[in-house]
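Here the structure comes first, spelled out in structure tokens, and everything after it is commentary.
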Protein chains: 2
Amino acid sequence: MTDKKQGKIRVKSQEKILDAALDEFITHGYKGATVQSIADIAGLPKANVLYYFKNKENIYHAVLEQTLDMWDQGIGDIIYEDGPKRAIEKFVTSKVRMSFDHPKSSKIYAMEIIQGAQHLKEFARTYLRQWVREKAKVFQQWINEGRMANVDPVSLIFLIWSSTQHYADFETQILTIMNRADYEEEDAEHVIQFLTDFILRGLAIDE
Amino acid sequence: MTDKKQGKIRVKSQEKILDAALDEFITHGYKGATVQSIADIAGLPKANVLYYFKNKENIYHAVLEQTLDMWDQGIGDIIYEDGPKRAIEKFVTSKVRMSFDHPKSSKIYAMEIIQGAQHLKEFARTYLRQWVREKAKVFQQWINEGRMANVDPVSLIFLIWSSTQHYADFETQILTIMNRADYEEEDAEHVIQFLTDFILRGLAIDE
DNA sequence: AAACTACCTGTGCATTTGGTCAGGTAATAG
DNA sequence: CTATTACCTGACCAAATGCACAGGTAGTTT
């Protein structure tokens, strides 16, 4: 009861602000986003937004942090013990699900990278690079054991990333081409099916 | 000689402005870009920029148009007569080359789509949709003739788009991960090799 | 050389922006 | 009930922005 009642409003307001900011930053980029607009979307006075977050950059950092957390959390790992078939299935599935369930996260991330990754240089240099190296090693092991085709593991990782994230980042284009207003449940399943089949075949994995 | 000497300065200046604008729009988005900054990059006074292009939106439209022209021009077609193998090879090759040679074009295009395609809705609705339908039909024919695996042609097109454009849009991330400053000649060739091999295998095309 | 057109740009201005701040109210603790 | 803290916000401001415009210069045509 005494828990932390004090922070209740704080948490609620911050959530509203971050949600609003996510939309604003996606549609207008960092420089184009305005605190006033974020405040309007959140339904709060600008001064209140700046009461919780010292300045615009602060808001942006908070949004990015939230996004990276989600990335971290939602990404199925690639572990040796699973073997190539199961690992690919798990990874592709979780990436596609992420794209359909949280397209906004994928979008700001993509914008950040396209614009030069000013705010993510460090993340990419340390965390990401490490991650790719580790997973590439796992793929290489499977290749050495003759359990999958001999392809460049790093290129393979890029292919999986791009083909799965595409459904989040290019959502607008895909929907327009398919003449639809929104994704539906079955769409994600269809994409998962297509991509896993395709990639497994591309890697000559039957098992 | 009398050709059109009058327009010489005009053309030169406009080129400088559009080049500058491309950079500015990529790094700051439409709203975040400023005419002053474009002028600075182009090495011209702001008033001169606005002499050639009425206003900011005008500049942006010109940049987008230029980009779409390049897209149109640089994209190898997918034609039935080539057969699946040759067609995939040609298409993937030209898409990858575009990504490595003109990453900026791919980038503003990507930004536009991510931000909701406000300025490209019409293009996507008419031109793109048509293009995808036509090409999907060609793939379907090959499938019916048993010349490639029975996959959803539209998903296939998305996979090729995403996996090739990735090298342009996510250039920064890829370079950082590979701990490199720039792409080199051989990189494009390596990617072309990897993707064509992989996709042909994924489509069960040997021939 | 006169007339005409393309090219150029400093100055000005209304508007928008990020951010401060003083002066509050509500909630909680002692 | 009092003191302390968390929460809230209208009003303000300096800086930046998109853009109009007037008053030019350079080049071309006749």
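Quantities reported herein were computed from a predicted structural model and do not represent experimental measurements. We name chains A, B, ... by the order of the sequence lines, and we start the count at 1 in each one.
- At dC8(C), one or more side-chain N or O atoms of Y52(B) fall inside 4.0 Å of OP1 or OP2 (strictly under the cut-off).
- Side-chain contact of Y109(A) with D169(A): a donor-acceptor pair under 3.5 Å is absent, judged by distance alone.
- Counting to the nearest Å, the P atom of dG18(D) and the CZ atom of F25(B) are 9 Å from each other.
- What separates CG of N58(B) from P of dA20(D) is a distance of 11 Å, to the nearest Å.
- Between the CD atom of E57(B) and the P atom of dG18(D) there is a distance of 13 Å, rounded to whole Å.
- Relative ring orientation between W142(B) and Y80(B) is described as parallel, the plane-to-plane angle staying below 30° on a 0-90° scale split at 30° and 60°.
- Here dC8(D) presents its P atom at 9 Å from NZ of K16(A), a figure rounded to the nearest Å.
- Rounding to whole angstrom units, CG of residue L50(B) and C1' of dG10(C) are separated by 14 Å.
- Closest to the side chain of S13(B), out of dC8(C), dG18(C), dC19(D), is dC8(C).
- When distances run from any side-chain atom of P45(A) to the nucleotides dT9(D), dC19(D), dA6(C), the shortest one goes to dT9(D).
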Show your reasoning for whether ring-ring contact (aromatic ring centres under 6.0 Å, His included) applies to Y167(A) and W161(A).
CA-CA 11 Å; Y167(A) 289 89; W161(A) 275 358; over 10 Å; no

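- Look at OH on Y51(B): it is 7 Å from P on dA6(C), rounded to the nearest Å.
- Taking only side-chain atoms of K56(B), from C-beta outward, the nucleotide of dA6(C), dG18(C), dG18(D) with the closest atom is dG18(D).
- The CZ-C1' distance, from F53(B) to dC19(D), rounds to 16 Å in whole Å.
- When each of dT17(C), dG18(D), dT9(C) is scored by its nearest atom to the side-chain atoms of A47(B), the top-ranked nucleotide is dT9(C).
- Each of K46(B) and V35(A) was matched to the nucleotide of DNA chain C holding its nearest heavy atom; the match closer to the 5' end belongs to K46(B).
- Checked by distance alone, K54(A) brings no side-chain donor or acceptor within 3.5 Å of a matching partner on the base of dG19(C).
- Within 4.0 Å (heavy atoms only), A39(A) reaches no atom of the nucleic acid at all.
- Ranked by how close their nearest DNA chain D nucleotide is to the 5' end, V49(A) and Q36(B) are led by V49(A).
- The six-membered or imidazole ring of Y30(A) lies away from that of H28(B), with a centre-to-centre distance of 6.0 Å or more.
- Under 4.0 angstrom from either OP1 or OP2 of dT9(C) there lies at least one side-chain N or O belonging to N48(B).
- When atom types are taken as modelled, the side chain of E24(A) and the backbone of T34(A) share a donor-acceptor pair closer than 3.5 angstrom.
- Nearest to the side chain of K31(B), among dC19(D), dT17(C), dT17(D), sits dT17(C).
- Put simply, NE2 on H28(A) is 16 Å from C1' on dT17(D), counting in whole angstrom units.
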